[in-house]
Structures are given as C-alpha cells and as structure tokens.
Amino acid sequence: MIKFNKVLENIKTYEAGKPIELVVREFGIAPEDVVKLASNENPIGTSPAVAQAIKANAAKAHLYPDDSMFELKAALSEKFDVQDKNIIIGAGSDQVLEFISRAVLDEDSSVLMSAVTFAMYEIYAKQMGAKVLRTASYEHKYDEFMEAFHMRKPKIVYICTPNNPTGDATSKEEVLDMIKAMHKDAIIVVDGAYMEYAAAKDTKYAITPKDLLGYENVIYLGTFSKAYGLGGMRVGYGIAQAELIEELSKMRPPFNISTLSLAAAIAACKEVGFVEESIALHQVQIKRYEEFANENGLKFIDSYTNFITYLFDETLDSTKISDALLQRGVIIRNLASYGMNAVRITIGTQKQNDIFFKHFKEVIA
Ligand SMILES: *Cc1c(COP(=O)(O)O)cnc(C)c1O
C-alpha cells in the first residue's frame, strides 16, 4: 500500500466552481443556456487584442517560452512603476501563493488569515504541514490580527483585500497600520485579486504594489484572471523587494507560463480600455443585485469585487438554493463549506443577470 505524506490526511481538495460542461452533462441543458456566475470570471470575455495576440503566437507552439518573461515584466513594471527585479510571475497568482508557502513554511510554523477568506491559503499551508490560524471575523480587523500575530508568531499573514468570498475590503490606511505593527520575520501577503474593482469604487481602498514596496517583508499579489478576463490563461504576479523575489524565484519551475499565456498577458497589460469597460458594466449591473436584495428583504455584504455575497436567514438554505439553481442551468457559489449560510454570485452581463433573477425569484419563493 502506498504511504502518502501524513500532511495529506488533513487536506480537502479545492472545490472549484462547477464548469458549464458538468451542467450540460448532468441536466441535459444546452451549453448556450447555462449561466455561470460562480468563478468571478469576466462576463464580457477577453479583449479582441488579447485574442489576436493568442492567435498570432500559435505558430510558436513548438518553442519553449521566454523564461525570463522579459516583455511581460517590462509591461508590468511600467504599469506599476516598479522594476523587473521586483516581479515574479506565476501560473495564476495561485502559483505565487504556493511559492511563498513552500519558501517559508514547515511543520513547526503557522499562517494567519481572516475567518472566511481565499481557500488556497489554507491548502498550501497544510501541504507544508503548517498550522492555520484564523481571526474571529471575516473582515480583517486590526485588533484580532494583532492579538493572534503577537501570540502565535505566524510565518505568513494573509490580507485579502478585497476579500474573497465575502467581497468586503480593508482600507489602505488599515493595511499599512497592520504592516507597520507586525515584525519583519513574517511575510505579509496583500492579495489584490479584485483590486481593480475596489479602486474604481472608492480610492480609500486602492492599494498599489508601489505603496508596499518600502517594506521588505510584504508582497503584493495580482492576477489577470478577474478584471482582465484571462482566467483560462493562468497568469498572475507577485511584486516585492528584490531580495524576497529572488528567494521565491528558487521555487519557480522553468517555463511555468505558456507562450500563449505570456502573449495574452502582455497584450492585456497594454489595453486599459477593456478593464475600464468591464468595470463600467459591472458597476451598473451590481446595483441591480443590491436593489433586488433590498426589495426582497435579503441581506448582502457591501461588495468591492466583481461578485456579491447574499446572506440568508434560517428561512433559506444556501445548499438547497444553489442546487435548485444548478438544475435550472444557473451556477453560483454556495458558501456552506465556508461555514456560511450564504451564496456568492459573480455579477454577469445584463442578460445573464436577467436569467439569474428570474430563476432566483422562483427558487426563493
Ligand atoms: C482568483 C483569486 C486568486 C488567484 O487566481 P489565479 O487565477 O490563480 O490568478 C487569488 N486570490 C484570490 C482572493 C482570488 O479570488
């Protein structure tokens, strides 16, 4: 019998948002009738310039990509006013999380995060045998973080702002206060996967990589998967001081991003118009979700992301509601596995949202 590493006993496989293909297979619904609002993807797709760049690079499929990622790093360093040596690229920012975890964690260490936050922080920590510490609140509360930090001395602190799967955000001022009050032995990860949406909503929440570059133990993470519409291409980045990036780079396998992904991300960096257009659509559509909740007596968390979290009271069950919607071809995210009687809905296009409201109204009636 194979003896797997003991740490695997405590790890639950990450439950990804259900794919459209599954709904087609299981419920016999035509793919064009399935509405997927479960994985925080960009509902309008990706920009034409990106699609063009992917096509143009198809002829290079037999060549390994440029492992220095020179062009992408140049585009990012221009965008964020940092230097190449401050940047590490991952297959999604997920992979950068993995590099960080593997670089500092072991069985005697711990990581600190809020009560409800991105599930991969826990999985990567447990892969290293590290302990997972959580504050009492899903929001990133200064006092709760400080108390746990000084008592338990975690090696990594996660500040997910805006936070997934809740949608709330932590202000730049609060994040900087926490960073300044924590000693420099811990890596502080500021995960800005949805930062484009928060920055557009209220500048108080806007954090740039440059804001954090003065701190040797802080790394900012960003991704092309959300606002940029490149979830399928798997590109993310970490930005920090050169010494930290150099250490993390030892964990990076060569050619971790494909030629097509590199080309797509480079094109996406250069085209700000698409992100602006996506956010403008989003800001109109999310209002409909807030109005719907208010009209139907539902609670929701004020969102700084491209999704909204509806909180149910005991008269509604998030699992039953998610399952009933799934059978109707509408995929949303049930938050029962996070210990919340709540659902997370990615804001779709006008048409997708129309379909969602129609079915959701019937299901909660
Ligand atoms: C989506 C997401 C990521 C990373 O996504 P990738 O597709 O791996 O870049 C990281 N953090 C949070 C909070 C996310 O929601």
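Side chains included, hydrogens not; waters and symmetry mates left out as well; all remaining heavy atoms used. First listed ligand is number 1; within each ligand, the first listed atom is number 1.
- For the residue pair E144 / S137, a side-chain donor-acceptor distance below 3.5 Å is found, with atom types taken as modelled.
- Salt-bridge formation is detected for the pair E9/K6: a Lys NZ or Arg NE/NH1/NH2 atom is positioned less than 4.0 Å from an Asp or Glu carboxylate oxygen.
- Comment: E122 engages K126 in a salt bridge, judged by a side-chain N to carboxylate O separation of less than 4.0 angstrom.
- A search for ring-ring contact (aromatic ring centres under 6.0 Å, His included) contacts involving Y194 returns F307, not counting sequence neighbours.
- To the nearest 0.5 Å, atoms NZ (K131) and CG (D108) are separated by 9.0 Å.
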At less than 3.5 Å, what protein N or O atoms come close to the N or O atoms of ligand 1? Include the distances to 0.1 Å.
from     : atom 1 : to   : atom 2 : distance (Å)
ligand 1 : 7 (O)  : S225 : OG     : 2.6
ligand 1 : 7 (O)  : R234 : NH1    : 2.6
ligand 1 : 7 (O)  : R234 : NH2    : 3.3
ligand 1 : 8 (O)  : S93  : N      : 3.4
ligand 1 : 8 (O)  : D94  : N      : 3.2
ligand 1 : 8 (O)  : D94  : OD2    : 3.2
ligand 1 : 8 (O)  : R234 : NH2    : 2.8
ligand 1 : 9 (O)  : S93  : N      : 2.7
ligand 1 : 9 (O)  : S93  : OG     : 3.4
ligand 1 : 9 (O)  : T223 : OG1    : 2.6
ligand 1 : 9 (O)  : S225 : OG     : 3.4
ligand 1 : 11 (N) : D191 : OD1    : 3.4
ligand 1 : 11 (N) : D191 : OD2    : 2.6
ligand 1 : 15 (O) : N164 : ND2    : 2.8
ligand 1 : 15 (O) : Y194 : OH     : 2.7
ligand 1 : 15 (O) : K226 : NZ     : 2.9

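- A donor-acceptor pair shorter than 3.5 Å can be found between the side chains of R344 and N164.
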